[in-house]
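Presented below is the structure to which this report refers.
Because the structure is predicted, anything quoted here is derived from the model rather than measured. In what follows, chains carry the letters A, B, and so on, assigned in the order in which the sequence lines appear, proteins first and then strands, with residues in each chain numbered from 1.
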There are 2 protein chains.
Amino acid sequence: MTSNAMLVPVTTVPPTLPPSGRPAGSTVARLAGVSQKTVSRVFNDEPYVSAEVRERVLRAAEQLGYRPNSAARALTSGRTRRLGVVWLGSALYGPAQMLVGLERAARDLGYSVSLAATTQGETGSVDAAIGSLLSQGVDGILLSEPVDDQPQLRLTSQVPVVSLGRLTTASGTDVEIATQDWAAAAALATRHLLDLGHRTVHHVRGPQTWWAARDRERGWRQALHETGREVPPPLQGDWTAASGYAAGRAVLGRPEVTAVFAANDEMALGVVRAQLEAGRDVPGDLSVVGFDDVPSAAFFTPPLTTIRQDFDTDVHTAVERLVARIEDRAVAADATGWHPELVVRSSTAAPRT
Amino acid sequence: MTSNAMLVPVTTVPPTLPPSGRPAGSTVARLAGVSQKTVSRVFNDEPYVSAEVRERVLRAAEQLGYRPNSAARALTSGRTRRLGVVWLGSALYGPAQMLVGLERAARDLGYSVSLAATTQGETGSVDAAIGSLLSQGVDGILLSEPVDDQPQLRLTSQVPVVSLGRLTTASGTDVEIATQDWAAAAALATRHLLDLGHRTVHHVRGPQTWWAARDRERGWRQALHETGREVPPPLQGDWTAASGYAAGRAVLGRPEVTAVFAANDEMALGVVRAQLEAGRDVPGDLSVVGFDDVPSAAFFTPPLTTIRQDFDTDVHTAVERLVARIEDRAVAADATGWHPELVVRSSTAAPRT
DNA sequence: TTGCTACGATCCCCTTCAGGA
DNA sequence: ATCCTGAAGGGGATCGTAGCA
C-alpha cells in the first residue's frame, strides 16, 4: 500500500464512527497498519497471526476503545450467542433462584441472557414472550416456568427450546425437558410424616398451571397410595403465605387432620400461622412440612421441616443441553448428581395419641 | 446496467436463507412483487404505502414466517432497542422484585432486556457486567443494585446509565440516580418505636456496599439524633435471617435493648427467632421492626411490623428516564407519587416498665 | 496474510404518476 | 400546455464483521 502524496484522496474521512458511535474494526486496522480481516482474526483467536501483529492490533484496539460490534457479527454469522429466558415475572423464591442459576450457567458457556417475562394467568403470554425473544434473534430459548393454559409454541421450530418443567401440552413440539422428577422429593416429605405415625397426610398444592405444583402433588399421591392410605382432597393454594393461611384455617375444625404437606415453604408458613393464631400447637396438634428450604425456613417459628431444593443442578444441565443443541454437539449424558433432601426441623412430630 | 443474456451469472441462487436460516425481507419482496424497501416500509409503519400493497406484503411475510432481522436493523440504525440490566445475582426479595418491574417497564416502552449478573463481593464485577452489556450493544444500562467496592464505571461514556441506588464512588461519572430517599422510611420505623416509649432503638444493618443499607442506617441515625437519643453502635448483618439471628443472640444478655430496627424483614425474622428460642417474648421483651414488607411478613410469628416498599415506582421512573435519555427526549419531571408506609402488626409494643 | 463480498436492513435520493393551478 | 405538489415506490450506498479464494 504505497501511497504517494498526489493520490491522497479527496474524501476527507472524518474519524468515522456513525451510526454506532463506536470505532470499527477497520479503524483499528488502519491504526495498526493491517487489514480489517486481520483485526477480525485477532479478536476471534484465529491462527495465522504473528504474535507481533496481534500485539499491535490489540494495542490499537485498546487505544481506540474498540470492541467488536455484536450486531455485525450476528449478521454475518447468523448467531448471536444469546439465550432467551422465558421467565415468570415474579419475586417468588424458586423462579428467582432459577434465574440466578441460568444467568451464571449461560455466562460460563459464553452466552448472554435476554429476559422475557410472562404474566401469570394471561393467556398466550408464553407465546408472546417466545415471539419477542425470536425477534431479538436469540440462538435458543429456555422455558424457566412454562406457566400457561395452552401454550401453542408454534414458533419453536426456529431455534432449540429447552424447558425446565413438564408442559401441560407437549403435543408434538420438539421442546426438550430437562428437569428431575420432583415427585420423588414430595414423596419423601409425605413418607416422613407417615413414618412419624400420622394416619394420612393432607396437601396444600400450588397452582395447577405450574409443573412444579403438579409434580409435588403427584409425589404426595404416590406415597399415600404405596402405603395404602386414604388420599384426602388437596387444598388449593397459590404459593403465597396468605393462601396457606386460608388452607390452615379451613382445617381448624377438623381434628382428624394431623399432618399437612404444603407445596412450598411460604404456604407452610401460612398453615402454621393459622394454627398458632387459633391457639393450637405446631407440631403438637398439627405437623407441617414445606418444600424448597428457603433460607428463612430455619428461622420460622417453629423452624420448618422441609425439602431442600437444589435448583442449580437442573438449571445447569438445562443450559448445557440447550447450548449443545445450538452448537450441534452431542448432548452429554445427563449427570443427575443431586438428590432432593429432607431437612427435619421442628414443625413435625408424632401425632398426639 | 444492461445485462445481456450472455452475462447472466453462473451463480444459481438457491432459495437463499443462510446463514440466519430465516427468510429475508428481499424474499418477501419477491413474493409480494414489490421492492425490498417497500417491505421495510411496511414493517416500520412508514407512510406512502397503499393499503393494498401493505396487505400483500403482510400476507407474503406471514406465509414465509418472516420477521425482521434485529441484527441487521441494529447494524444500520445503530440502536438495538435493548436495555442492559446489571443485577445482583440473588434471589433476595428486593432485587427480584425490582427485576420484575424493570422488565415490565422496559417492555411497556418497547425495549427488551439483557441481564448481566454480578457476584456479590467480587471486585470489578459491576464493571465486568457493564462491559458485557456494552459488547452486546445495549442502548442504555440500568444499575439495579450497584454493589461493589469500587466500581470504576470507566465504560459508561458510551451509553446512558441510570442507577437505582446511590453509588459509593460517584466520582464525576455521568450516572444518573433515580431513587427515592429511603432514609425517610427508616426514620419512620425508628420513630414508631420511640413513640411507643422505647429509650432508644438498636439497628441491624445490611452490608455497607448496598446503598439500600446505607440509606436505612442513615434514616435510623437521623431519627435518633432529632429526638436527642443515644445512638448505639449498629449490629452488622448481611440481609439473611441467619445474620439477624446472630444479631439477636448478641443482644440476649442486654436487658437495656428493648427495640430493634432491622434493615430488612429476613433479618428481623432472625432477631425474633433468637428471642423466642431463648424463652423471651416478642414484643413483650423486645420490639422488632423490619423493612420491605415481604408477602410473608404478615404470617410470621408474631406478624411483623415493617415498612412497606414499593419498588415499582422507583423502577418505572428509572426506566423512563433512561429511555428518555436514549431517545434524546426531555426528561419528564419526576413524579414521586408514592411514599413509604409503616405497617403496624404485632411485633412491636411499649417496653415493659 | 490480504482483498472482495455477502449478510439484511436503513437512509438518502430518485423516478413515476395523478391531479390541480 | 406548463408547472407544481404530493403520493407511491424503487435504487444504491452503507453499517461492521466473517467466509472464501
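- Scanning for salt bridge (charged side-chain N to carboxylate O under 4.0 Å, His left out) contacts around A:Asp328 gives an empty result, with sequence neighbours left out.
- The closest side-chain donor-acceptor pair between A:Gln36 and A:Ser40, if any, does not fall under 3.5 angstrom.
- To the nearest angstrom, C1' of D:dT14 lies 13 Å from CG of A:Asn69.
- For A:Glu62, the salt bridge (charged side-chain N to carboxylate O under 4.0 Å, His left out) test picks out no residue, with sequence neighbours left out.
- At a threshold of 4.0 angstrom between heavy atoms, the contacts of B:Val34 are confined to the sugar-phosphate backbone, with no base atom among them.
- Among residues two or more places apart in sequence or in another chain, the ring pair (Phe, Tyr, Trp, His ring centres under 6.0 Å) test is passed with B:Tyr111 by none.
- Using a 4.0 Å cut-off, some side-chain N or O of A:Tyr66 falls inside it from OP1 or OP2 of D:dT17.
- Residue B:Thr38 places no side-chain N or O under 4.0 Å from the OP1 or OP2 atom of D:dG9.
- Within the nucleic acid shown, B:Val53 comes within 4.0 Å of sugar-phosphate atoms alone, with no base atom in reach, counting heavy atoms only.
- Distance from the side chain of A:Leu75 is smallest to C:dG8 among D:dG9, C:dT1, C:dG8.
- Distance from the side chain of A:Ser50 is smallest for C:dT1 among the nucleotides C:dG8, C:dT1, D:dT17.
- Residue B:Asn44 has a polar side-chain atom (N or O) positioned under 4.0 Å from OP1 or OP2 of C:dT10.
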Under 3.5 Å between N/O atoms: give me all the protein pairs with nucleotides 19-21 of chain D, atom names plus distance.
from: D:dG19; atom 1: N7; to: A:Lys37; atom 2: NZ; distance (Å): 2.8

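- Across all strands shown, nothing is found opposite D:dA1 as a Watson-Crick or G-U wobble partner with both distances under 3.5 Å.
- Applying the salt bridge (charged side-chain N to carboxylate O under 4.0 Å, His left out) test to A:Lys37 and every residue at least two apart in sequence or in another chain returns nothing.
- Applying the 4.0 Å criterion to OP1 and OP2 of C:dT1, one finds that A:Tyr48 has every side-chain N and O outside that range.
- Remark: A:Phe311 pairs with no residue by the ring pair (Phe, Tyr, Trp, His ring centres under 6.0 Å) rule, at least two apart or across chains.
- Look at A:Arg73 and you'll find a side-chain N or O under 4.0 angstrom from OP1 or OP2 of D:dA18.
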